[in-house]
Amino acid sequence: MIRIKTAKQIAGIRKSCHLLAEVLELLETTVQPGITTGDLDEIAKREIASRGGRPAFLGYQGFPGALCTSVNEAVIHGIPGNRRLNEGDVVSIDCGIEYDGYYSDSAITVPVGTTSPDVTRLLEVTRSSLEDGIDAAQVGKRVNDVSRAIYKTISGEGYGIVRPYCGHGVGLSLHEDPQIPNYVGRGPNPRLKHGMVVAIEPMVNLGGDDVDVLEDDWTVVTGDRTVSAHFEHTVAIFREHTEVLTRRSSERVHSSVEAPAV
Ligand code: MG
Ligand code: MG
């Protein structure tokens with residue numbers, strides 16, 4: 001069941017999202033060679049608490065962190081810990097906040113120092129595919145229009161697209177209907193309506209589509225262990241426009257990536 005949000009509810013979700021954008025922006029500037037993923041998690045817990053929020057991932061189905069920190073071949077759901085980040089790594093930082101009963105969800109993939117041109121390009125294209133998905137998220141369109149926009153950008157580059165995990169409704173809880181795949185599948189394809197709030201989150205691999213789950217039962221990695229990237233925004237869909245609720249003030253919206261040849 002898709003929960004259409006009232007204006008009051010969206011105001012609460014927006015507040016939660018703005019706090020999350022601040023925390024992610026801070027974490028982005030904190031990433032540097034030598035820091036551990038556990039350090040990032042500690043900073044996130046402190047910053048979320050100081051803003052009156054609660055880390056929504058912590059304890060969710062038993063997850064032990066405030067952040068999912070997924071390094072290099074890790075796609076999503078990496079557990080923060082002793083892993084030290086090295087020059088040339090990339091780390092996906094995924095975070096959710098519950099504030100006053102309202103939920104936000106957003107992720108960025110951050111280069112540690114300088115990354116190889118291949119990896120830099122992967123990050124740019126993944127971020128660009130998220131923007132294309134957001135552009136397609138308009139009243140009257142359908143979930144498949146969002147999925148198709150993301151898929152088109154990614155597949156044009158020959159990258160792998162993660163299929164078992166996808167975007168979702170969010171706001172009154174962390175994961176709600178509808179599911180928003182990053183490819184056009186045969187699942188439900190509801191029309192997008194005024195008052196829907198969704199998290200859109202392409203996960204893109206430098207190599208093939210396949211993924212595995214590690215023995216910690218959380219960390220999702222690429223099957224061929226190539227690098228993966230993940231970007232996510234929570235967006236609210238209104239009659240006249242779509243608002244990116246988790247937009248960071250420093251974020252460059254228009255990508256320099258040219259549209260891939262179709
Ligand atoms: Mg997330
Ligand atoms: Mg999500």
Side-chain angles (χ1 to χ4, degrees), residues 2-3 5 13-14 16-28 31 37 40-41 44-45 47-48 53-71 74-80 90-99 102-110 123 126-127 129-131 133-134 137 143 146-147 150 161-183 187 196-204 211 213 218-221 228-237 242 244-248 251:
I2 296 172
R3 302 168 84 173
K5 278 76 175 180
I13 298 165
R14 182 183 288 114
S16 178
C17 287
H18 287 180
L19 300 184
L20 176 54
E22 286 178 12
V23 172
L24 279 179
E25 193 150 52
L26 182 84
L27 291 169
E28 186 174 28
V31 167
T37 54
L40 296 173
D41 197 55
K45 282 177 181 156
E47 294 296 326
I48 293 168
R54 181 183 70 80
F57 295 179
L58 187 62
Y60 183 81
Q61 295 179 1
F63 188 78
L67 303 176
C68 296
T69 52
S70 307
V71 182
V75 181
I76 49 168
H77 300 170
I79 299 172
V90 295
V91 57
S92 153
I93 302 173
D94 193 352
C95 188
I97 292 180
E98 181 257 314
Y99 180 85
Y102 297 109
Y103 288 80
S104 51
D105 191 3
S106 183
I108 51 177
T109 300
V110 185
L123 264 51
T126 306
R127 217 177 56 80
S129 75
L130 170 57
E131 293 303 323
I134 291 168
V143 161
V146 177
S147 302
I150 295 168
I161 299 173
V162 177
R163 292 164 188 259
Y165 305 92
C166 59
H168 50 91
V170 63
L172 304 180
S173 59
L174 191 55
H175 291 117
E176 304 175 9
D177 289 337
Q179 292 201 343
I180 304 182
N182 297 309
Y183 65 98
M196 282 174 64
V197 178
V198 295
I200 302 174
E201 50 178 318
M203 296 154 233
V204 184
V211 293
V213 179
W218 279 106
T219 313
V220 177
V221 297
S228 187
H230 175 213
F231 287 86
E232 177 180 26
H233 272 308
T234 295
V235 307
I237 299 169
T242 294
V244 182
L245 300 174
T246 46
R247 186 72 81 196
R248 300 175 303 284
E251 196 175 350

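First listed ligand is number 1; within each ligand, the first listed atom is number 1.
More than 12 heavy atoms of other shown residues, nucleotides or ligands fall within 6.0 angstrom of atom CD in Glu22.
Within the 4.5 Å cutoff, side-chain heavy atoms of Cys95 are placed close to those of Leu67. Here the side chains of Ser228 and Ile76 are not in contact, with every heavy-atom distance at 4.5 Å or above.
At a cut-off of 2.8 Å, measuring from the Mg ion (ligand 1), the protein N, O or S atoms that fall short of it are Asp94 OD1, Asp94 OD2, Asp105 OD1, Glu232 OE1, waters left aside.
Checked against the Mg ion (ligand 2), the N, O or S atom of His168 at the shortest distance is NE2.
For Tyr165, the ring pair (Phe, Tyr, Trp, His ring centres under 6.0 Å) partners at least two apart in sequence or on another chain are His77.
His233 and Glu251 share a donor-acceptor pair across their side chains, judged by distance under 3.5 Å alone.
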Next item on the list: I would like to know whether Cys68 and Phe63 meet side chain to side chain contact (heavy atoms under 4.5 Å, CB included); could you show each step before the answer?
Entry: CA-CA 9 Å; Cys68 296; Phe63 188 78; 3.7 Å; yes
